[in-house]
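The next block holds one structure in the form of structure tokens; read it before the comments.
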Amino acid sequence: MTVRNENIRNIAIIAHVDHGKTTLVDALFRQSGLVGKGMDGVRIMDSGAIEKERGITISAKNCAIHWKGVKINIIDTPGHADFGGEVERGLSMVDGAILLVDAAEGPLPQTRFVLEKALQKDLPLIVVINKIDRKDARAEEVLNEVYDLLLELSPDEKMLEVPVFYANGREGTCGRSLEDIRENLHELLDSILTDIPAPSYDDAEPFQMLVSDLSYSDFLGRLAIGKVMNGSAETNDTLVCVKENSVEQLRVTRIQAYDGPQFTDCPKAEPGDIIVLAGVNDVSIGDTICTKDEVKALPRIEVDEPTVSMLFSKNISPLAGKEGNAATSAKIWERLQKEALRNVSIRIERNQDDTFTVKGRGEFQMAIIAEEMRREGFEFCVGRPHVIFHTDSEGRKTEPVEVLLIDCPEEYSGTVMEKLGRRKAVMSDITYTAGSRVKIRFDIPARGLIGFRDEFLTDTKGFGIMNSYLKGYEPYKGDFPERLTGSLVSDRAGTAVAYGIWELEDRGRFFIVPGDPVYEGEIVGERNKDMDLMLNPTKTKKLTNLRASGHDEAVTLTPVSKPTLEQAIQFIKDDELVEVTPQSIRMCKKILNTQNRKIFESRGSIPSYLLNK
């Protein structure tokens with residue numbers, strides 16, 4: 001018989017990037033009495049260094065609070081579509097969702113993405129219009145936009161009856177109307193108890209748990225995190241882990257549950273709760289843990305297929321091994337395997353030439369993986385991201401197409417439309433808004449967005465906003481130029497000299513400063529023409545005996561802005577790599593030797609023995 005565990009609620013907070021999910025969780029922590037017990041009260045759930053620096057959520061994280069005797073498990077999900085696998089993983093553990101929308105920006109592409117995932121699982125919703133204190137807030141208009149989006153994604157008119165709250169997550173206030181804002185979030189917490197159903201289970205079924213996340217403890221080893229679908233388990237029970245192709249026995253060494261963002265020991269796992277299980281040596285996300293007497297596997301977590309691939313390889317530059325402590329192919333492969341184990345949305349492949357192909361949702365996700373590895377001391381090279389093409393039932397080549405939404409000042413719209421037109425973008429809608437701004441909607445091949453963001457921000461002087469989401473696969477749109485400028489390539493090894501750079505400044509924009517080590521094949525700048533140029537940045541001034549007033553010219557260099565990892569990944573061409581080390585970001589040709597590069601330029605392929613030489 002199906003019953004409900006009324007002592008528990010499981011809920012996810014879903015929203016677009018920077019709409020206030022993590023800040024709202026902070027307010028819930030404060031009002032449930034958790035903050036103050038040795039915890040800081042600012043973005044507690046942003047645990048990683050990259051998350052704190054960027055102010056975004058990268059991986060879905062669990063926590064729990066208690067309200068009126070009921071335990072509320074909360075999952076803080078990422079808002080970026082590149083981390084959609086984290087959203088799908090998080091939604092597999094919950095029975096409802098809070099849809100958070102900025103009171104000024106309204107529903108944006110990632111709002112649509114995460115909402116679509118929630119509606120596919122028939123999760124009940126609570127809508128929260130956040131940041132109502134913004135000067136440009138338009139809460140009532142935004143609510144109508146949310147209703148339009150709900151009806152677009154679901155034909156059920158009951159969507160118009162979802163509970164709606166207006167909130168200021170930073171201050172921890174909310175209300176059911178703009179005229180009645182309470183000084184706390186108690187109404188929202190009460191709504192979670194009444195409008196989100198308690199987890200249901202079959203009291204006749206044995207213990208079943210779906211593994212939705214993994215963690216590691218130096219003391220306990222690997223930890224399996226997931227929701228108990230049916231039954232209960234205790235410490236020292238003998239269970240089995242049902243994998244894709246095998247079944248392995250295990251003994252539960254410890255059961256823990258969430259209390260705030262941390263674990264606490266509990267003697268027994270209740271049905272419907274989200275628990276942490278220790279004693280599992282080999283487990284993957286999507287596996288089922290159940291009793292050995294009745295082995296029943298739950299449906300595995302389904303995630304969208306990857307749309308982008310990127311090459312990873314060992315560092316091929318002459319400077320390899322000088323700045324990092326993990327530079328071998330074996331170490332890089334081991335690290336990528338660990339990443340694939342806890343990140344359900346990526347796929348990894350080992351190539352015959354000892355390089356690795358990583359497939360994921362987008363270039364931003366790839367850049368985050370590379371940045372995490374860099375901070376762990378790895379040295380490696382990455383190639384340019386490529387979209388993954390498919391073939392349809394009629395044998396036609398298809399490619400991923402994205403819906404791109406541009407919001408920029410009207411004066412820059414012409415330039416933006418011209419640049420996107422070259423990338424095979426098709427405009428589908430344009431709206432002129434207050435403040436001389438314009439919103440434009442395009443359908444564009446996903447490969448057309450690779451490397452476009454920086455160019456867009458430059459063209460709009462930093463005032464433009466762009467967001468996109470995957471529309472689907474459509475027939476191949478044709479070729480277009482990926483970059484209209486060439487590269488400035490060093491033709492020898494040495495140390496960059498101010499005089500050498502100064503004499504070459506009219507050739508383009510440099511990425512190096514005097515004193516930087518350079519090597520043959522390194523990309524030291526961006527040329528202002530469409531062809532690559534070989535040059536010598538190590539050239540010194542010839543000494544003479546002439547001593548005349550005014551003969552020597554003062555060397556004044558243009559200030560250099562070194563590219564970040566993301567900018568470098570967007571900049572490179574197909575025959576180039578980004579060299580990533582803990583201290584430096586450099587770019588180089590796949591074939592470093594100038595003579596070899598000239599030989600193979602016309603062949604269109606690079607021999608593997610040259611890439612790994």
Side-chain angles (χ1 to χ4, degrees), residues 46-54 56-59 61 82-83 86 214-219 221-223 309-343 345-351 353-360 363-385 493 511-513 515-519 521-523 562-572 576-588 590 592 611-613:
D46 282 349
S47 54
I50 300 177
E51 290 182 324
K52 290 184 178 179
E53 287 173 17
R54 295 172 179 261
I56 62 171
T57 302
I58 293 173
S59 60
K61 288 176 283 293
D82 280 18
F83 307 110
E86 296 292 312
L214 299 174
S215 186
Y216 185 82
S217 165
D218 292 333
F219 178 64
R222 184 169 294 173
L223 306 174
S309 69
M310 197 161 81
L311 181 79
F312 281 66
S313 77
K314 68 180 183 181
N315 190 352
I316 66 169
S317 91
L319 303 178
K322 294 185 177 180
E323 297 179 0
N325 52 32
T328 64
S329 295
K331 289 281 188 184
I332 296 169
W333 175 243
E334 183 183 339
R335 174 62 178 80
L336 290 175
Q337 285 180 306
K338 288 182 179 177
E339 184 67 32
L341 189 66
R342 61 185 177 88
N343 191 336
S345 64
I346 72 164
R347 310 280 187 274
I348 58 171
E349 298 172 2
R350 189 163 195 162
N351 306 320
D353 57 0
D354 212 22
T355 61
F356 318 107
T357 301
V358 179
K359 298 178 180 179
E363 58 181 309
F364 184 50
Q365 183 187 30
M366 299 295 175
I368 292 295
I369 293 172
E371 180 64 30
E372 288 176 343
M373 291 175 63
R374 175 193 180 197
R375 295 184 184 210
E376 293 168 15
F378 282 85
E379 278 193 29
F380 55 97
C381 287
V382 296
R384 180 179 174 83
F511 302 145
I512 58 172
V513 296
D516 282 354
V518 296
Y519 53 85
E522 180 183 349
I523 297 169
K562 292 196 174 187
T564 63
L565 176 59
E566 289 170 64
Q567 290 170 341
I569 289 173
Q570 293 176 358
F571 175 80
I572 57 173
E576 297 167 351
L577 296 171
V578 179
E579 179 193 352
V580 184
T581 74
Q583 299 177 25
S584 309
I585 300 292
R586 291 183 282 261
M587 291 169 281
C588 64
K590 285 185 176 179
L592 298 179
L611 179 60
N612 295 283
K613 196 169 180 178

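These numbers come from a predicted model, not from an experiment.
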Quiz item: Would E323 and T581 count as a side chain to side chain donor-acceptor pair (under 3.5 Å) if you check the C-alpha gap in whole Å, the side-chain angles of each, and the deciding distance to 0.1 Å?
Solution: CA-CA 6 Å; E323 297 179 0; T581 74; 2.4 Å; yes
Report yes if the side chains of [X] and [Y] come closer than 4.5 Å at any heavy-atom pair, otherwise no.
X    : Y    : answer
F356 : I332 : yes
E372 : E339 : yes
V358 : V382 : no
E376 : E371 : no

Exercise. Please step through side chain to side chain donor-acceptor pair (under 3.5 Å) for the pair D354 and S313, ending with a clear verdict.
Key: CA-CA 7 Å; D354 212 22; S313 77; over 6 Å; no
Quiz item: Checking side-chain contact (heavy atoms from CB on, under 4.5 Å) for the pair E579/I585: CA distance, chi angles, key distance, verdict?
Solution: CA-CA 6 Å; E579 179 193 352; I585 300 292; over 6 Å; no
Exercise. For S345 and Q365, test the side chains for any donor-to-acceptor distance below 3.5 angstrom and give the result as yes or no.
Key: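 Indeed, the side chains of S345 and Q365 share at least one donor-acceptor pair under 3.5 Å.
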Quiz item: About how many Å separate CG of L223 and CG of L214, when rounded to the nearest 0.5 Å?
Solution: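 Answer for the CG-CG pair, L214 versus L223, is 9.0 Å.
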Exercise. Rounded to the nearest 0.5 Å, what's the gap from CD1 on I346 to OG on S309? Could you check?
Key: 12.5 Å
Considering all heavy atoms, the nearest [X]-[Y] contact:
X    : Y    : result
G324 : E379 : N-OE2, 2.6 Å
M310 : G383 : CG-O, 3.2 Å
F380 : M373 : CE2-CB, 3.7 Å
P563 : M587 : CG-CE, 3.8 Å
C381 : L577 : CB-CD1, 4.1 Å

Are any side-chain N or O atoms of [X] and backbone N or O atoms of [Y], one a donor and one an acceptor, separated by less than 3.5 Å?
X    : Y    : result
Q567 : T564 : yes
S584 : R586 : no
N315 : S317 : yes
N343 : A340 : no
R384 : I572 : yes

Exercise. Using a strict 4.0 Å threshold on nitrogen-to-oxygen distance, state whether E349 and K359 make a salt bridge.
Key: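 Salt bridge flag = yes for K359 with E349.
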Quiz item: Do the ring centers of F312 and F378 come within less than 6.0 Å of each other?
Solution: no
Exercise. Determine whether more than 12 heavy atoms belonging to other residues, nucleotides or ligands lie under 6.0 Å from atom NZ of K562.
Key: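 Yes, NZ of K562 has more than 12 neighbouring heavy atoms, counting only those of other groups under 6.0 Å.
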